[in-house]
Amino acid sequence: MRHLIGVLLAIVMAAAVFFVASWGYLKLLTGSARSGVLAGGGGSLIHNHAVLEGFGALLAVGLIAGVLIALPMISPLASGLPGLVLLAWTGLYLFSVRHAVQYIPLKSKSYGVGFEDLLFDGVLALVGLAMIIPLFVPSRWRGRPVAAIGSPAPYEAVATTYPDLGVTQTMAGGSLLSDWAETRPQPQADPGRSQAPWGPADPGGPAGPGTTADSS
């Protein structure tokens with residue numbers, strides 16, 4: 001389903017390149033810039049509506065292409081398929097200019113003329129190379145797993161799948177404690193001394209609290 005949506009987005013992207021970007025690029029090329037003279041007489045272009053409209057159209061298409069390229073949740077087909085088409089058209093232009101121009105639709109409209117200018121100036125090749133980058137990123141072909149509502153936590157899922165895991169861990173922990181207790185050195189008791197302070201007094205020591213001195 002994700003890649004099917006990517007194919008639909010690829011159609012939208014291809015239409016945006018052909019209609020919007022071609023129209024905007026043609027707007028930028030209109031005027032005195034074609035004749036070798038600086039655009040706007042070398043001054044400001046802020047008040048040149050044709051240039052502003054052309055830049056706006058190109059920026060909008062570039063923003064859409066950037067979103068399709070950058071977002072990992074979007075299928076790589078969304079930007080990859082239009083990029084492959086642009087590269088294929090550029091390759092056809094290198095081998096046969098006549099056939100490449102012949103296959104451009106709506107050549108009598110401003111869209112067709114602008115697309116032809118994009119092809120001749122190498123812009124289509126540059127854009128196509130950038131758009132096919134997601135096709136070579138393996139993570140873009142794998143959708144991110146989404147945890148469903150009410151699904152068990154990862155530890156609970158492991159415990160459910162392997163019910164003997166917790167028992168095994170408990171047994172392992174108990175055996176380690178018992179081994180440590182067995183190997184721990186025990187204090188040695190002195191046979192000549194009482195274990196408790198109130199026990200029998202040491203033969204050679206002072207009388208304990210529980211004994212009385214011999215009256216004789």
Side-chain angles (χ1 to χ4, degrees), residues 1-29 50-97 99-161:
M1 186 62 184
R2 175 170 167 264
H3 296 302
L4 178 60
I5 296 176
V7 172
L8 297 178
L9 291 176
I11 297 175
V12 174
M13 186 66 218
V17 170
F18 181 78
F19 292 104
V20 182
S22 299
W23 176 83
Y25 193 72
L26 184 62
K27 281 282 187 179
L28 290 178
L29 296 181
V51 173
L52 294 179
E53 291 173 358
F55 268 120
L58 292 178
L59 289 177
V61 177
L63 178 61
I64 297 174
V67 170
L68 297 181
I69 294 173
L71 287 184
M73 64 185 66
I74 299 179
S75 171
L77 297 177
S79 62
L81 291 181
L84 291 176
V85 172
L86 297 181
L87 290 178
W89 219 312
T90 304
L92 180 61
Y93 169 72
L94 294 177
F95 283 100
S96 177
V97 178
H99 287 89
V101 175
Q102 180 182 357
Y103 294 145
I104 296 177
L106 301 175
K107 286 185 294 184
S108 60
K109 305 292 183 180
S110 59
Y111 318 114
V113 177
F115 190 82
E116 182 178 326
D117 292 333
L118 288 173
L119 178 64
F120 290 169
D121 294 342
V123 180
L124 294 185
L126 182 64
V127 175
L129 284 176
M131 295 178 68
I132 65 172
I133 292 178
L135 294 176
F136 303 98
V137 180
S139 60
R140 293 293 298 270
W141 294 98
R142 299 188 298 267
R144 290 186 174 183
V146 180
I149 299 177
S151 60
Y155 179 80
E156 296 177 358
V158 172
T160 304
T161 308

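Closest non-hydrogen pair, L124 versus L86, comes out as O-CB, 3.7 Å. Minimum interatomic distance between W89 and Y103 (heavy atoms only, all atoms of both residues): CZ2-O, 3.4 Å. The minimum heavy-atom distance between P134 and R140, with the atom names listed, is CB-NH1, 3.7 Å. Nearest heavy atom pair, residue M131 against residue P82, reads CE-CB, 3.6 Å.
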**OP:** Show your working on side-chain contact (heavy atoms from CB on, under 4.5 Å) between V97 and V101 and close with a plain yes or no.
**Re:** CA-CA 6 Å; V97 178; V101 175; 4.2 Å; yes
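Taking 4.5 Å as the limit, some side-chain heavy atom of D117 sits within range of a side-chain heavy atom of V113. A heavy-atom distance below 4.5 Å is found between the side chains of E53 and W23.
Evaluation of the side-chain hydrogen bond (donor to acceptor under 3.5 Å, both in side chains) test over residues 4-21, restricted to residues two or more places apart or in two chains, returns none.
By the side-chain contact (heavy atoms from CB on, under 4.5 Å) test, I133 is found to be paired with no residue, residues two or more places apart in sequence or in another chain being considered. In this structure Y25 satisfies the side-chain hydrogen bond (donor to acceptor under 3.5 Å, both in side chains) test together with D121, sequence neighbours excluded. P138 meets the side-chain contact (heavy atoms from CB on, under 4.5 Å) test with R142; sequence neighbours excluded.
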Using atom types as modelled, flag every donor-acceptor pair under 3.5 Å from a side chain in residues 58-77 to any protein atom, sequence neighbours excluded.
from: S75; atom 1: OG; to: H3; atom 2: ND1; distance (Å): 2.7
from: S75; atom 1: OG; to: L77; atom 2: N; distance (Å): 3.3

If you look only at distance, which donor and acceptor atoms sit under 3.5 Å apart when one is on a side chain in residues 8-22 and the other is two or more places apart or in another chain?
from: S22; atom 1: OG; to: V17; atom 2: O; distance (Å): 3.2
from: S22; atom 1: OG; to: F18; atom 2: O; distance (Å): 2.8
from: S22; atom 1: OG; to: F115; atom 2: N; distance (Å): 3.4

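The CG atom of L87 lies 12.5 Å from the CG atom of L92; values are rounded to the nearest 0.5 Å.
Annotation: K107, atom NZ; neighbour count of heavy atoms from other residues, nucleotides and ligands within 6.0 Å is above 12.
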